[in-house]
Number of protein chains: 2
Amino acid sequence: MPDATPLNRISLSNQIRDLLLKRIMTGALKPGDRLIEMKIATEMSTSQAPVREALRELETMGVIESLRNKGARVRIITNEELRQLYDVRAQLEAYATGLVTELKIPLKSRLTESVKLMKKAARAGDSVEFAESNTLFHRIIIEATGNQVLLELWETLNVKTRTMVNVSRSSRSLIELAESHQAIIDAIRAGNPKKSDAVARDHVLKNKPAADMVDDRQAGAE
Amino acid sequence: MPDATPLNRISLSNQIRDLLLKRIMTGALKPGDRLIEMKIATEMSTSQAPVREALRELETMGVIESLRNKGARVRIITNEELRQLYDVRAQLEAYATGLVTELKIPLKSRLTESVKLMKKAARAGDSVEFAESNTLFHRIIIEATGNQVLLELWETLNVKTRTMVNVSRSSRSLIELAESHQAIIDAIRAGNPKKSDAVARDHVLKNKPAADMVDDRQAGAE
DNA sequence: GAGTCAACGATTATCGATAATCGGTTAAAA
DNA sequence: TTTTAACCGATTATCGATAATCGTTGACTC
């Protein structure tokens, strides 16, 4: 029987989670925006319960934050946290890049292809599409390590970063950014794991935002 | 007024989450054990809703897994995944240890203290207490970097690891394991970041379990 | 005896309603 | 005018009930 019906639909809470995640990543929902349970429930024609489950997931992922009895809002990532995010990402990417170099996994054509997409998006000034292909580039490398744990960790970091990054940047610097990936491709090709490690680390750190000048000890609520 | 009542209790779902987490970490709940929503709800004298929210959080954290319409169970971490976990942890710990060395953050006394606790637990054969103080040792280093993102990431990895690790190990090897932390303390003290990085990485990798001989391509369900 | 299928018990998924809480606002009191 | 207190609308937290789904059991057919 050539599979008739898609028997198991996705649960409502998962659908809601994915929808909200998409809106946050594309910027339709911005940092600080409130997520009101009944509003979402009504929009999706469901009850409150699946919405709450979705919100809890998003909260655990770190993309929203919710205060007891006060509801949830899209998490505001401080500059300092963003910098920390880049530091950690740098380590993970360095490890992954070094590893795929050592294992001599052939990635050149796929990586080159994703850089093309990046450039195209950059020229079009499409920052969402750019983020998409940029993510693709790095995901190709991480996936190639075969380390599923690493991939999942990196995904959540990446999601967090992107909730805020795609707000800024001119199309000029986007093109430069796209081109800067070539160094990674070359390093992998060259076959020196240590070198690849360093190049990938530098690539991430080069884009790490500068520290705020202000003496902001941003108060974090409980 | 000397604060009368603890106004904001913790939400039920959070209480449930913490309780279940504790049970999983201490081994009261073992990998594969089912988590039946109504059973938990009845035990806690609540309804099903908060339990489901708690389960969703645990699922996102990766400590349980749930299949549509079939419920949740404590996640069974395969040997392969455990190995991947160690690989990633090794990178994070190496980074953290190198960084605190570079920053010359004084940690010796606190680290030494936690090693004492480890040894004590090892002699007593108390594997839960051992895991506790072992975690403490590493957390001290990670925390000292001041990188909150790194800490959170490391915490979730650590939780995952511990759901399974505390099943095994003899008290003899526990003592050796405790003593092996001294090398890290010494490296930090010596003040060479590169060396610290390497020592910390090796420390983790030395405990990475061996690969299974079996050609198990463990099927992962949707 | 092996295979098929309907009915059953257990459990999850979702709903609709109620209780509790928060922030702000008005109105009375000082 | 400032302070205090009760009130109100909006929203979250929790409950109890119902619908949908799964695995299994046991009778029935061949």
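Residue numbers begin at 1 in each chain, while the letters A, B, ... track the order of the sequences.
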(message) Could you tell me if the side chain of A/Thr97 sits less than 4.5 Å from the side chain of A/Ile184, heavy atoms only?
(response)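 The answer is yes; the side chains approach within 4.5 Å.
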(request) Take the C1' atoms of the five end pairs on each side of the helix from C/dG1-D/dC30 to C/dA30-D/dT1, derive the two axes, and give their angle rounded to 10 degrees. (result) 10°
Within this structure, what is the [atom1]-to-[atom2] distance between [X] and [N], rounded to whole angstrom?
X	N	atom1	atom2	value
B/Met38	C/dT12	CE	C1'	11 Å
A/Arg73	C/dG23	CZ	C1'	13 Å
B/Ile36	C/dG9	CD1	P	17 Å

Does a salt bridge link [X] with [Y], judged by any charged N lying under 4.0 Å from a carboxylate O?
X	Y	answer
B/Glu93	B/Arg201	no
B/Glu59	A/Arg56	no
B/Arg52	A/Glu53	yes
A/Arg139	A/Glu155	yes

Distance-only check: which donor-acceptor pairs under 3.5 Å involve side-chain atoms of residues 29-36 of chain A, not counting sequence neighbours?
from	atom 1	to	atom 2	distance (Å)
A/Lys30	NZ	A/Gly27	O	2.8
A/Asp33	OD2	A/Lys30	N	2.9

(request) State, to 0.1 Å, how close B/Phe137 and B/Leu111 come at their nearest heavy-atom pair, and which atoms those are. (result)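 Looks like O-CD2, 3.5 Å.
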(request) Using the six-membered ring wherever Trp is involved, compare the ring planes of A/His138 and A/His203 and label them parallel, tilted or perpendicular (cut-offs 30° and 60°). (result)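 Plane angle between 30° and 60°, so tilted.
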Each nucleotide N or O in nucleotides 13-15 of chain D that has a protein N or O under 3.5 Å away: list the pair and distance.
from	atom 1	to	atom 2	distance (Å)
D/dA13	OP1	A/Asn69	N	3.1
D/dA13	OP2	A/Arg52	NH1	2.5
D/dA13	OP2	A/Arg52	NH2	3.2
D/dA13	N7	A/Gln48	NE2	3.4
D/dA13	N6	A/Gln48	OE1	3.3
D/dT14	OP1	B/Leu12	N	3.1
D/dC15	OP2	B/Ser47	N	2.9
D/dC15	OP2	B/Ser47	OG	3.3

(message) Need one value for A/Leu55: base, sugar-phosphate or nothing, where a base atom within 4.0 Å counts as base even if backbone is also close, heavy atoms only.
(response) nothing
